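Keep in mind it's a predicted model, so treat the numbers as computed, not measured.
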Amino acid sequence: MKTEILSGLQIVGISTTVENNTITQNQLIKRQKNYLEKKKIKNSSNIIGVKKNFFTSTKTTTVDLCVDSTKRLIKNLKWKSKDIDLLIFVTQTPDFLMPSCSSIAHDKLNLKKNCVSFDINLGCSGYVYGLWNMYKIMQNGSYKKGLLLVGDTISKTVNSKDYINKLLFGDAGTSTAIVKKSNKKSYFILGSDGRGSSDLIIDNSGFRAKKFKPEFKMNGKNVFHFAINNVPTMINILLKKSCNKVKDISYFIYHQANKYMIESISGELGIKKKQVLFSISDYGNTSSASIPLTLCKNRHKISFSKKTCILGFGAGFSYAGAVIDLKNSKILNIVKKKF
């Protein structure tokens, strides 16, 4: 695992948008005629910790969600489009293979021509990797203001008969605003294990497929073992790098993969329940958007948090964590709307 200390950058705002379409545990249970299927859905969703999620309609895309979120954030911060120097878009459910989502967003946000923009293809760890890229670029260049757009619409790829994952995976688009601030330090850890690349996959979604028909597939057992075996080590290394102990961190924000998994990892490390914040119950697993969405859901707590540990892990396999200061950041309410 690679660790790094990056200085001089600060998150000044975060926003999240979901489309106001919901699916609930009770709705899925009522659709089943078989008692065993009803019981399976109830037991699985209770262990995972999800009661409902928000999903996108056929016409709504990741760019739609992220651009909506960004426009609201820019307005709240009183930023001008001409002042934005960098835009990074993180997603694994792009509107098109070409052009990039960042290019479409660049146009919709009316950004200047010398605003650098590009995409990153990452899911569960994508928010932290996106921040790391933003910080690296802005730290070493003449970039004063940057936008990190992170979102996914994984629900579009889940088979309609895969009831558990239909309930688990929701859709969301987020935006994070970053500026230069000389006295801020952030601590990062990143790693990969490509041996797990086939355990979390949107199959038939690229040029290797004979027929383009994206379908989400997951080896849940292998994903669980990957997280349990790697995330605790990642946290311990990150805390040591940042000269912190568990008690020094106000809140731990995990990628919202599975509540039981998160509680197991936290318990192993002696992290108190009140230090761990969730969003999975009401929003499901929103892939790359789950960390910023969880921050927005718990915004009143986060706004007073000087040390927040964010932890992404999953598709790839890929994992990344960071200790950041979000005190006084403008973290906005989650907006639910129709498109």
Hey, does the side chain of Thr60 reach the backbone of Thr56 with a donor-acceptor pair shorter than 3.5 angstrom? no

I'd like to know if Lys136 and Glu4 make a salt bridge, using a cut-off of under 4.0 Å between side-chain N and carboxylate O. yes

Between Asp325 and Lys327, is there a salt bridge with N-O shorter than 4.0 Å? no

Please assess Ser117 against His106 for the test side-chain hydrogen bond (donor to acceptor under 3.5 Å, both in side chains), listing each intermediate value before the final yes or no. CA-CA 7 Å; Ser117 62; His106 185 284; 5.0 Å; no

Check for a donor-acceptor pair, side chain of Ser205 on one end and backbone N or O of Pro214 on the other, with a separation under 3.5 Å. no

Determine whether a donor-acceptor pair (N or O, by modelled atom type, separation under 3.5 Å) exists between the side chain of Ser103 and the backbone of Pro99. no

Are the side chains of Gln139 and Ser7 in touch, meaning some heavy atoms are under 4.5 Å apart? yes

Rounded to the nearest 0.5 Å, how far does NZ of Lys210 lie from NZ of Lys213? 15.5 Å

Please check this pair: side chain of Ser81 against backbone of Leu109, looking for a donor-acceptor N/O pair closer than 3.5 Å. yes

Are the aromatic rings of Phe313 and Phe226 close, with centres under 6.0 Å apart? no

Is there a side-chain hydrogen bond (donor to acceptor under 3.5 Å, both in side chains) between Asp152 and Gln92? Walk through the geometry before answering. CA-CA 6 Å; Asp152 276 305; Gln92 293 199 311; over 6 Å; no

Test side chain to side chain contact (heavy atoms under 4.5 Å, CB included) applied to Leu6 and Lys185, step by step: CA-CA 6 Å; Leu6 298 177; Lys185 282 187 178 181; over 6 Å; no

Can Asp162 and Asn165 be counted as having a side-chain donor-acceptor contact under 3.5 angstrom? yes

Answer yes or no: are there more than 12 heavy-atom neighbours, outside Phe339 itself, under 6.0 Å from its atom CZ? yes

I want to check something: taking the side chain as every heavy atom from C-beta on, are Phe212 and Asn204 in contact at a cut-off of under 4.5 Å? no

Do the side chains of Ile228 and Ser264 get nearer than 4.5 Å, heavy atoms only? yes

Whether Gln275 side chain and Ile249 backbone form a donor-acceptor pair below 3.5 Å: yes

Using the side chain to side chain contact (heavy atoms under 4.5 Å, CB included) definition, which of the options Leu149, Val150, Thr93 pairs with Thr62? Thr93

Test item: Gln25 side-chain N/O and Lys51 main-chain N/O as donor-acceptor pair under 3.5 Å: no

Lys42 atom NZ, neighbour heavy-atom count above 12 within 6.0 Å: no

Following the transitive rule for hydrophobic clusters with a side-chain heavy-atom cut-off under 4.5 Å over Ile, Leu, Val, Met, Phe, Trp and Tyr, establish whether Met134 and Val179 coincide in one cluster. no

Check: Tyr254/Ser266 side-chain N/O donor and acceptor closer than 3.5 Å: yes

Under a 4.5 Å side-chain heavy-atom rule over Ile, Leu, Val, Met, Phe, Trp and Tyr, are Ile271 and Ile291 clustered together? no

For Thr16 against Cys296, the heavy-atom pair lying closest together: OG1-SG, 3.3 Å

I'd like to know if the side chain of Lys180 reaches the main chain of Met138, judged simply by a donor and an acceptor atom lying under 3.5 Å from each other, with no hydrogens or angles considered. yes

Look up atom CG in Leu277 and atom CD1 in Ile310, then write down how far apart they are to the nearest 0.5 Å. 13.0 Å

Under 4.5 Å between side-chain heavy atoms, counting indirect links through other Ile/Leu/Val/Met/Phe/Trp/Tyr residues: same cluster for Val158 and Ile48 or not? yes

Given Asn244 and Lys307, is the side-chain hydrogen bond (donor to acceptor under 3.5 Å, both in side chains) satisfied, shown in steps? CA-CA 9 Å; Asn244 286 299; Lys307 292 180 181 180; 2.6 Å; yes

In terms of hydrophobic clusters joined by side-chain contacts under 4.5 Å, are Tyr251 and Ile235 together? no

Interatomic distance, OH@Tyr187 vs CG@Leu238, rounded to 0.5 Å, equals 10.0 Å

Distance-only side-chain donor-acceptor flag, Thr176 / Tyr127, under 3.5 Å: yes

To the nearest 0.5 Å, atom CG of Asn298 lies from atom CZ of Phe278 at 10.0 Å

N/O donor-acceptor pair under 3.5 Å between Ser329 side chain and Ile331 backbone: no

Would you say Asn258's side chain and Met261's backbone share a donor-acceptor pair under 3.5 angstrom? yes

Between the side chains of Asn21 and Lys338, does any donor sit under 3.5 Å from an acceptor? yes

Do Tyr283 and Asn53 have side chains that get closer than 4.5 Å, going by heavy atoms? no

Under a 4.5 Å side-chain heavy-atom rule over Ile, Leu, Val, Met, Phe, Trp and Tyr, are Phe169 and Leu293 clustered together? no

Please report the C-alpha distance between Met1 and Tyr319 in whole Å, then the side-chain angles of each, then the deciding distance to 0.1 Å, and finally whether the side chain to side chain contact (heavy atoms under 4.5 Å, CB included) criterion is met. CA-CA 9 Å; Met1 299 180 189; Tyr319 43 95; 3.5 Å; yes

I'd like to know whether Asp83 forms a salt bridge (Lys or Arg N to Asp or Glu O under 4.0 Å) with Lys144, so could you lay out the CA-CA distance, the side-chain angles of the two residues, the decisive distance to 0.1 Å, and finally the verdict. CA-CA 8 Å; Asp83 296 328; Lys144 293 181 179 178; over 6 Å; no

How are the rings of Tyr135 and Phe188 set to each other: parallel, tilted or perpendicular (split at 30° and 60°)? perpendicular

Determine whether the side chains of Glu19 and Ser57 contain a donor N or O and an acceptor N or O closer than 3.5 Å. yes

Sort out for me which residue in Thr61, Val63, Ile120 forms a side chain to side chain contact (heavy atoms under 4.5 Å, CB included) with Cys101. Val63

Any chance the rings of Phe89 and Phe118 have centres within less than 6.0 Å? no

Taking NZ in Lys184 as the centre, count heavy atoms belonging to other residues, nucleotides or ligands within less than 6.0 Å. Is the count above 12? yes

When you measure from the side chain of Asp248 to the backbone N and O of Lys245, does any donor-acceptor pair fall under 3.5 Å? yes

NZ of Lys336: more than 12 outside heavy atoms within 6.0 angstrom? yes

With Asp85 as reference, evaluate Lys113, Lys112, Lys145, Lys80 under the salt bridge (charged side-chain N to carboxylate O under 4.0 Å, His left out) test and give the passing residue. Lys112

Working to the nearest 0.5 Å, report the span between CD1 of Ile302 and CG of Leu295. 5.0 Å

For Lys52 and Asp282, what are the C-alpha separation, side-chain angles and deciding distance, and is it a side chain to side chain contact (heavy atoms under 4.5 Å, CB included)? CA-CA 5 Å; Lys52 70 175 182 179; Asp282 296 323; 4.1 Å; yes

Which pair of non-hydrogen atoms, one from Pro232 and one from Ala227, has the smallest distance, and what is that distance? CD-O, 3.5 Å

With no hydrogens and no angle check, just 3.5 Å: does a side-chain donor-acceptor pair link Ser175 and Ser69? no

Would you please test Ile262 and Phe252 for side chain to side chain contact (heavy atoms under 4.5 Å, CB included) and show each step? CA-CA 10 Å; Ile262 291 170; Phe252 290 83; over 6 Å; no

When every non-hydrogen atom of Ser102 is compared with those of Leu87, the smallest separation belongs to CB-CD2, 3.7 Å

